[in-house]
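Notes follow once the structure below has been shown.
The analysis underlying the following values was restricted to heavy atoms, covering all of them including side chains, and did not include hydrogens, waters or symmetry mates. None of the values given here were measured: they were computed from a predicted structure.
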Amino acid sequence: MGVITAIVGLVACLLPRIPQPQSYHMFADQRGALGILNFGDVVSNVPFAIVGVWGLVFLLRLRPEEISQRFVDARERWFYLIIFFGMLLTAFGSSYYHLQPDNARLVWDRLPMTIVFMSFVAALIAERISLRAGLWLLPVLLVVGVGSVVQWYVSELHGAGDLRFYATVQAYSVLFLLLALLLPPRYTFGWCLAVVAGFYALAKVLETFDRAIFGFLGHAVSGHTLKHLAAAYAGYWILVMVQRRRSVSPEHSGVSKSWS
């Protein structure tokens, strides 16, 4: 972890300043429908809201014995409450941005996503390395994530846009997720992390080839619209993992080691 942190930080420092290209806001599918501008990219955020509400309701309705089945320490539930709340906020923030894409609105798209990413990193630290470290780092990581968005936007306002800090936070989150797959799990269904990583990677590919996919599919749906669906599905697999998992230790879960 220390080596990865150092490498990511060094690369970020060595890279030249990266301003936000205004072409980023020119998405392939700009068609409106039902009075909604950029209909596809706006409405495709609904799954974020569905997964977010679903996750919050599931976690908040857990009985004490159900909490103990899924969390060795009840405080671990807070990581996932913040994750699903962040997904709900993402639905609103991304919809707001896509109605009229520009840098000012992009802030509200990126802020909720960093809440999800940083909370998930903290959850993985708590579950696979140290609960105390995860709890301590949760507010720190949230401040770092939100700060990366604020720093980028302030730099844009001063005419010296710089995405390096924000991009570093995103890259580190993905690298940490991949690293977590190599660490011993505390819970069953840890393989769901690989599914989450796979759909997140798919979402980035769909985003990158937004216009090409739009053309390839005969202008039926754009890559960016599909990106929202893939990212929301990644969030769904976080929910699946929490719903089905049990502690690997039989004394905590009452299940046999064969579950692992």
Side-chain angles (χ1 to χ4, degrees), residues 1-25 48 79 82-83 86-87 89-90 93-94 97 103 106-129 133-134 137-156 160-183 190 192-210 223-224 226-228 230-235 237-238:
M1 285 180 59
V3 171
I4 289 177
T5 302
I7 291 175
V8 171
L10 179 62
V11 170
C13 291
L14 294 177
L15 287 173
R17 182 173 59 85
I18 307 173
Q20 178 69 60
Q22 291 306 298
S23 59
Y24 177 83
H25 306 302
F48 286 116
F79 298 114
I82 298 173
I83 287 170
M87 292 195 68
L89 292 180
T90 297
S94 183
Y97 164 64
N103 280 352
L106 185 56
V107 172
W108 302 106
D109 181 24
R110 286 176 169 168
L111 280 175
M113 290 191 293
T114 61
I115 291 174
V116 175
F117 293 145
M118 295 297 96
S119 301
F120 197 36
V121 169
L124 294 177
I125 291 173
E127 293 174 6
R128 305 226 172 190
I129 300 175
L137 285 171
L138 176 60
V140 175
L141 290 171
L142 287 173
V143 169
V144 169
V146 171
S148 71
V149 178
V150 173
Q151 179 275 327
W152 157 71
Y153 185 58
V154 170
S155 71
E156 293 286 351
D162 193 350
L163 278 167
R164 285 179 297 177
F165 186 19
Y166 175 76
T168 299
V169 169
Q170 301 299 302
Y172 187 79
S173 300
V174 175
L175 288 173
F176 189 85
L177 173 57
L178 296 175
L179 176 64
L181 293 171
L182 305 177
L183 300 175
C192 289
L193 290 179
V195 181
V196 173
F199 275 102
Y200 179 77
L202 175 62
K204 299 306 290 183
V205 171
L206 293 168
E207 178 182 39
T208 301
F209 297 100
D210 177 32
H224 200 88
L226 293 174
K227 173 241 182 173
H228 289 163
Y233 199 52
W237 274 97
I238 296 176

Q.
Quick check for you: to the nearest 0.5 Å, what is the distance between Thr90 atom OG1 and Ile115 atom CD1?
A. 7.5 Å
Q. Got Tyr166 and Gln151 here, is their nearest side-chain heavy-atom distance under 4.5 Å?
A. no
(Q) Using the salt bridge (Lys or Arg N to Asp or Glu O under 4.0 Å) criterion, which residues pair with Glu127? Sequence neighbours excluded. (A) Arg245
Q) Do you know the tightest heavy-atom contact between Ser148 and Thr114? A) OG-CG2, 4.4 Å
**Q.** Heavy-atom check, side chain of Phe165 versus side chain of Val144, under 4.5 Å
**A.** yes
Q) Which heavy atom in Phe199 sits nearest to a heavy atom in Ala234, and how many Å separate them? A) CB-CB, 3.8 Å
Q: Flag the pair Phe120 / Tyr200 as yes when their ring centroid distance falls below 6.0 Å, and as no otherwise.
A: no
Donor-acceptor pairs under 3.5 angstrom involving side-chain atoms of residues 167-180: please list them, not counting sequence neighbours.
| from | atom 1 | to | atom 2 | distance (Å) |
| --- | --- | --- | --- | --- |
| Thr168 | OG1 | Arg164 | O | 2.6 |
| Tyr172 | OH | Thr5 | OG1 | 2.9 |
| Ser173 | OG | Val169 | O | 2.9 |

Q) Are any non-hydrogen side-chain atoms of Val140 and Met118 less than 4.5 angstrom apart? A) no
(Q) I want to check something: taking the side chain as every heavy atom from C-beta on, are Leu206 and His228 in contact at a cut-off of under 4.5 Å? (A) no
Q.
To the closest 0.5 Å, what do you measure between CZ (Phe79) and CG (Leu124)?
A. 9.5 Å
(Q) As an exercise, state the distance from CG of Leu89 to CE of Met87, rounded to the nearest 0.5 Å. (A) 11.0 Å
Q | Minimum heavy-atom distance Asn103-His25, with the two atoms named | A | OD1-NE2, 2.8 Å
**Q.** Atom pair CG (Leu202) and CD (Glu207), whose distance is rounded to the nearest 0.5 Å
**A.** 11.5 Å
Q) What heavy-atom pair brings Leu106 and Trp152 nearest, and what distance separates the two atoms? A) CD2-CH2, 3.8 Å
Report all side-chain donor-acceptor pairs from residues 7-20 shorter than 3.5 Å, counting only partners two or more places apart or in another chain.
| from | atom 1 | to | atom 2 | distance (Å) |
| --- | --- | --- | --- | --- |
| Arg17 | NH1 | Gly161 | O | 2.9 |
| Gln20 | OE1 | Arg110 | NH1 | 3.0 |
| Gln20 | OE1 | Arg110 | NH2 | 2.8 |

Q) If you count the non-hydrogen atoms of other residues, nucleotides and ligands that lie under 6.0 Å from CZ in Phe209, is the total more than 12? A) no
Q: Provide the closest heavy-atom pair for Asp109 versus Ser94 in the form atom of the first, atom of the second, distance.
A: OD1-CB, 3.3 Å
Q) What's the shortest heavy-atom distance between Arg128 and Leu183, and which atoms? A) NH1-O, 2.8 Å
Q. Any donor-acceptor pair under 3.5 Å linking the side chain of Ser119 with the backbone of Ile82?
A. no
